[in-house]
Amino acid sequence: MGKIAELFGRLRNVKHIKVIAFAAVLVLVLGVYFLCASCADETTPEVKEPTYSDYCSNMQAQIEKIVSEISGVGSASVVISWDKSVTASSFGGGVTENPQATGAIIVCDGGGSTKVKLDVMYAVSTLLNLSIEKIMVYPK
């Protein structure tokens, strides 16, 4: 204990010890902060915002999958036409792309049946917020 007391005694005699101690603690804290920040950048995967094309492709694939699962449809192929409207965002002042479906054509095994046509048209109408007149269903 004598050596520790002697060390503290010497430190009390140093001029501006509080300033030196504060600077040392500040350097330590900043060092730890920047070290952790650089590690986080390397381990965090880059998150890419979905593009207009990604959205349209994913929506078309989802609709093709769900339509194929409707009773009587069988396999289905879906083509959706899109209108890309661009709007200014009030949050952050950026510009966003809002793809809007303008029509859809579905070709499926059960497309000759009136019931299947109506079921598919109503399902696609609901998913894309389209009127029934803009959706066509044909047999394969």
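We count residues from 1, following the sequence as given. Below, all heavy atoms of this structure are taken into account, side chains as well, without hydrogens, waters or symmetry copies.
- Every residue two or more places apart in sequence or in another chain that forms a side-chain contact (heavy atoms from CB on, under 4.5 Å) with Ile66 is listed here: Glu69, Leu127.
- With rounding to the nearest 0.5 Å, the separation of OG1 in Thr126 from CD1 in Ile132 is 7.5 Å.
- Summarising the geometry of Gln60 relative to Val78, their closest heavy-atom pair is NE2-O, 2.7 Å, with the distance given to 0.1 Å.
- Taking every heavy atom of both residues into account, Ile70 and Ala123 meet most closely at CD1-CB, 3.9 Å.
- Not counting sequence neighbours, the partners of Lys134 by the side-chain contact (heavy atoms from CB on, under 4.5 Å) test are Leu130, Ser131.
- Proximity of a side-chain donor or acceptor of Thr102 to a complementary backbone N or O of Asp83 within less than 3.5 Å is not detected.
- Of all non-hydrogen atoms in Gln100 and Asn129, the two that sit nearest each other are NE2-O, 4.3 Å.
- The side-chain contact (heavy atoms from CB on, under 4.5 Å) with Val120 is formed by just one residue from the set Ile135, Ile63, Val67; it is Val67.
- Taking Ile, Leu, Val, Met, Phe, Trp and Tyr as hydrophobic and joining them when side-chain heavy atoms fall under 4.5 Å apart, one finds Tyr138 in a cluster with Ile105, Val107, Met136.
- Between Leu128 and Met59, the shortest heavy-atom contact is CD2-CG, 3.8 Å.
- The two residues Val116 and Gly111 have their closest heavy-atom pair at CG1-N, 4.4 Å.
- With rounding to the nearest 0.5 angstrom, the CD1 atom of Ile106 is 7.5 Å from the CD1 atom of Ile80.
- Cluster annotation: Met121 and Val79 are assigned to distinct hydrophobic clusters (Ile/Leu/Val/Met/Phe/Trp/Tyr, side-chain heavy-atom contacts under 4.5 Å, transitive).
- Across every non-hydrogen atom of Cys108 and Ala76, the tightest pair is CB-CB, 3.9 Å.
- Residue Lys140 qualifies as enclosed at atom NZ: its count of foreign heavy atoms under 6.0 Å is above 12.
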